[in-house]
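Down below is the structure, laid out as structure tokens.
Below, chains carry the letters A, B, ... as their sequence lines are ordered, and counting in each starts from 1.
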2 protein chains.
Amino acid sequence: MNIPDDPLNTHVEAWAALLRAQKVLTERVQRELAAAGLPPLEWYDVLYELWRAPERRLRFYELGERIALSRSNLTRLVDRLEKEGLLAREACTGDRRGLYAVLTAAGEEAMRRIWPVYREAIARHFAAQLTPAEAATLAGLLARPLGAGTAGTADTDADAD
Amino acid sequence: MNIPDDPLNTHVEAWAALLRAQKVLTERVQRELAAAGLPPLEWYDVLYELWRAPERRLRFYELGERIALSRSNLTRLVDRLEKEGLLAREACTGDRRGLYAVLTAAGEEAMRRIWPVYREAIARHFAAQLTPAEAATLAGLLARPLGAGTAGTADTDADAD
DNA sequence: CCGGTATCGTTGCAATTGCAACGACATAGC
DNA sequence: GCTATGTCGTTGCAATTGCAACGATACCGG
């Protein structure tokens, strides 16, 4: 993932580590959820985002942003959750184009059922290897690149501003 | 992604940050590759892994492990790269069940063509927000959980050993 | 040498994803 | 009020993924 001597190599390694860690770890965690007969990870994300939103509801496009999912994919993800009765589509009074996704009681129930397993999986596969301080550092560093949609031209020496 | 007061919350936030960062950033980077008319990110991974392997070749199952891809998906990914002439399947003398994936000249050429764009995307979307020291820290922390396939039962307080 | 079992890569099938096009409605300018 | 343009969510279609089953060896015990 990197070439002879490039001042960016350290960063490239971090990038590779990020891709790999996410891929391997989510796979391990997903496998546990599946083994427990629970739905995929992203279902939990949706339920959780709705749960913590005011009124337990969110406009589609907002939900899409929060879980970083394209509109079209969100439509279908919501289809699935709705079919299971975990959330409902509800018209939006102010804007007749829009819809709310609303968490149902069953949805909240499902969320509570999933969390213990999910939490345990995170603990085992991820948290067990990090101290709380390290976890905080990690979270901070990972959040950094997300803020700046796109930095200026970063060129070879990677620290802009 | 976390519940009232749980000693694991810091870790859970780091976990959430990991998922989100990977999702958002790869999307941004992928978009750049696509805009430049280049193939998806994983193609580069495959080419790179072959390139750095002895003899520019790797057994299928090994390649699968290195890029963290299931066997069946690898078969098809290789199909695609092979169809483009970027690599070739080659019989394995020692084990007649097995195959080698071998990097072709065209494959190496493609790799070199992709890298500058990929590198620049990493620099802009990821590296620009981190100092080299931070990148190194990040890489170290991310690699940690990968080592231990699965720690023991990590329970509520997440710092085993 | 022979069956029993595990490994390697492939394949069928169903589910998910990404992308572009679409209909419904909102908003701005005339 | 009316057209031009943008936003919201949906849909069709092709590509990718995940999972389980399969044929072809390898390897182990007798």
* Asked: Which residue lies toward the 5' end of DNA chain D, B:Pro40 or A:Tyr100, if each is placed at its nearest nucleotide?
  ->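 Comparing both residues, the 5'-ward one is A:Tyr100.
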* To do: Using heavy atoms to find the nearest nucleotide of DNA chain D for A:Thr75 and A:Glu27 separately, return the residue whose nucleotide is more 5′.
  =>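 By nearest-heavy-atom nucleotide position, the 5'-most residue is A:Thr75.
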Please report, rounded to the nearest Å, how far the [atom2] atom of [N] is from the [atom1] atom of [X].
| X | N | atom1 | atom2 | value |
| --- | --- | --- | --- | --- |
| B:Phe60 | D:dA24 | CZ | C1' | 15 Å |
| B:Gln30 | D:dT16 | CD | P | 12 Å |
| A:Leu69 | D:dT10 | CG | P | 13 Å |
| B:Arg89 | C:dT11 | CZ | C1' | 12 Å |
| A:Glu84 | C:dA15 | CD | C1' | 14 Å |
| B:Leu77 | C:dG9 | CG | C1' | 14 Å |
| A:Lys83 | C:dT16 | NZ | C1' | 13 Å |
| A:Lys23 | D:dT16 | NZ | P | 14 Å |

* Between the base of C:dC19 and the side chain of A:Ser72, is there a donor-acceptor distance below 3.5 Å? ->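 A donor-acceptor contact between them is present.
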* Phosphate OP1/OP2 of D:dG18 contacted by B:Asn73 side-chain N/O (<4.0 Å) ->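 Yes.
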* To do: Considering just the side-chain nitrogens and oxygens of A:Arg71, establish if one lies under 4.0 Å of OP1 or OP2 belonging to C:dG18.
  =>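 For C:dG18, neither OP1 nor OP2 has a side-chain N or O of A:Arg71 closer than 4.0 Å.
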Any donor and acceptor pair, going by atom type alone, linking the side chain of [X] with main-chain N or O of [Y] inside 3.5 Å?
| X | Y | result |
| --- | --- | --- |
| B:Arg66 | B:Tyr61 | no |
| B:Thr104 | B:Gly85 | yes |
| A:Arg144 | B:Gln129 | yes |
| B:Arg89 | B:Ala101 | no |

* For the side chain of B:Arg80, counting heavy atoms from C-beta on, which of C:dG9, D:dT16, D:dC8 is nearest? ->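 Out of C:dG9, D:dT16, D:dC8, the nucleotide with an atom closest to B:Arg80's side chain is D:dT16.
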* Select one nucleotide: of C:dG9, C:dA6, D:dG9, the one nearest the side-chain heavy atoms of B:Arg97. =>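 So the nucleotide nearest the side chain must be C:dA6.
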* Asked: Hey, which of these two, A:Asp95 or A:Trp43, hits DNA chain C nearer its 5' end, going by closest nucleotide?
  ->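 Looking at the nearest nucleotide for each, A:Trp43 comes out on the 5' side.
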* **Closest-nucleotide ordering on DNA chain C, the 5'-leading residue of B:Arg31 and B:Leu74** =>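 So the residue in question is B:Leu74.
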So what does [X] hit on the nucleic acid, given a heavy-atom distance under 4.0 Å: a base, only sugar-phosphate, or nothing?
| X | answer |
| --- | --- |
| B:Arg96 | sugar-phosphate |
| A:Glu42 | sugar-phosphate |
| B:Arg76 | base |

* Decide whether A:Tyr118 and B:Trp15 meet the rule of one side-chain donor and one side-chain acceptor closer than 3.5 Å. =>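 Yes.
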